[in-house]
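Computed over heavy atoms, backbone and side chain alike; hydrogens, waters and symmetry mates excluded. Each ligand, and each atom within it, is numbered from 1 in the order the structure gives.
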Amino acid sequence: MIRVSQPVTGPEELDALKRGLEKAYFGHSADVVELEKALAEFLGVGERPVVCVNSGTAALHLALASLDLEPGDEVLVPSLTFVASFQAITAVGAVPVPCEVRETDLLLDLDDADRRITPRAKAVMPVHYAGNPGDLAGLHAWAAQRGLRVVEDAAHAFGSSCGGKRVGAQGDLVCFSFDSLKNITCGEGGALICPDADSAHRAGLMRGLGMERPQATQGGPPSRSAYDVVTQGWRFHMSNLNALVGLEQLKKAPAFFARRQQIARRYDEAFSCLAGLALLPVDYAQAVPFLYTLRVLQGRRADMIAHLREREVETAVNYPANHQHSLYRNLATAPLPVTEDVCGQILSLPLHCALSDDQVEFIIAQVRAFLA
Ligand SMILES: *Cc1c(COP(=O)(O)O)cnc(C)c1O
């Protein structure tokens, strides 16, 4: 079976883990600080601090917690996203307001979001679907005009750029995931990019159960004896072992990105004139694709999934609409017909760095055969 996604690791990650295990402390210390520095440099974030955590969901949760929302405050979010976006919003007592995406690029539809804004709306969580950040400047200007904070769910967009800057190097709060399938992996992990040192300090405290310790992250095991607890917090810190894997992955990131872009361009070229499909308009000079998602038209998605599965090609649907889950059924303030339509069309083809050129051509041939 050709898998739809899989991590690629090698002897470098294994050696890094071995080195980590030989140390007497595995928790959060110098290696995590080193990864934060390396990420800051890689992304070109300048003065914007990087806070590593143990998942992308934790990064979203901390970002929202740092906004000091009141219970019942609303966060605008596309219904088409991984459920982590919704769970992070409800975890801080806020209410997700599911919004439409644009049919073409599956990014948040700001006109629709505008119609759903109430006086309780305090923030917006755009999702950089498939790695495409869209028009970030336009999005931030839109949010600023409405007094909304922006928490970017950039879980798909590690490495993508917009206007000559990497995602994370601009904007308000930006959240990445380094889970096992993302553009780079720490095993599990995530990072929050904060707008200033103050918010990073607060996020750092909340990451570690609200404990304030002298020199907790200055290398070596933190002092266990001297601490005060100053805020609600969670156990969201990253371990050194995950950081060591991430540091090795970061060295490989440019090669990973180039390969992902190459495969996505090849798919685009092969599928561009096929009737029955709609491709996402993504600029691979800017975006590093996490997914290669297309829309299968004419109600043929289930047949295409079955056709590919019979030929040992795994596919995925990213994602079911969140407003249709049992827990979120009452959230939609108005119907979401575009989202419901595209959620019946989207299909993600295999995209990862373990795919060979032959496998990519095999997948293309199977898709063509199905549509012929
Ligand atoms: C992966 C992902 C997350 C969550 O990241 P984890 O590290 O798995 O917790 C959040 N949002 C989106 C869109 C994702 O794809």
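- In terms of the salt bridge (Lys or Arg N to Asp or Glu O under 4.0 Å) criterion, residue partners of Arg120 (sequence neighbours excluded) are, by chain and number, Asp73.
- Atoms CE and OG1, on Met304 and Thr315 in that order, are 8.0 Å from each other to the nearest 0.5 Å.
- Between Arg207 and Glu36 a salt bridge is recorded (basic side-chain N to carboxylate O distance below 4.0 Å).
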Return a table of N or O atom pairs, ligand 1 on one side and protein on the other, at distances under 3.5 Å, rounded to 0.1 Å.
from: ligand 1; atom 1: 5 (O); to: Ser177; atom 2: OG; distance (Å): 3.2
from: ligand 1; atom 1: 7 (O); to: Gly56; atom 2: N; distance (Å): 2.7
from: ligand 1; atom 1: 7 (O); to: Ser177; atom 2: OG; distance (Å): 2.7
from: ligand 1; atom 1: 8 (O); to: Asp179; atom 2: OD2; distance (Å): 2.7
from: ligand 1; atom 1: 9 (O); to: Gly56; atom 2: N; distance (Å): 3.3
from: ligand 1; atom 1: 9 (O); to: Thr57; atom 2: N; distance (Å): 2.9
from: ligand 1; atom 1: 9 (O); to: Thr57; atom 2: OG1; distance (Å): 2.6
from: ligand 1; atom 1: 11 (N); to: Asp153; atom 2: OD1; distance (Å): 3.3
from: ligand 1; atom 1: 11 (N); to: Asp153; atom 2: OD2; distance (Å): 2.7
from: ligand 1; atom 1: 15 (O); to: His156; atom 2: NE2; distance (Å): 2.9
from: ligand 1; atom 1: 15 (O); to: Lys182; atom 2: NZ; distance (Å): 3.0
from: ligand 1; atom 1: 15 (O); to: Tyr319; atom 2: OH; distance (Å): 3.2

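- Here Arg266 pairs with Glu361 in a salt bridge; the nearest charged N to carboxylate O distance falls below 4.0 Å.
- Residue Asp109 is tested with Asp112, Asp105, Leu106 for a side-chain contact (heavy atoms from CB on, under 4.5 Å); the sole match is Asp112.
- Counted within 6.0 Å of CD on Gln262, heavy atoms from surrounding residues, nucleotides or ligands total more than 12; the atom is thus considered enclosed.
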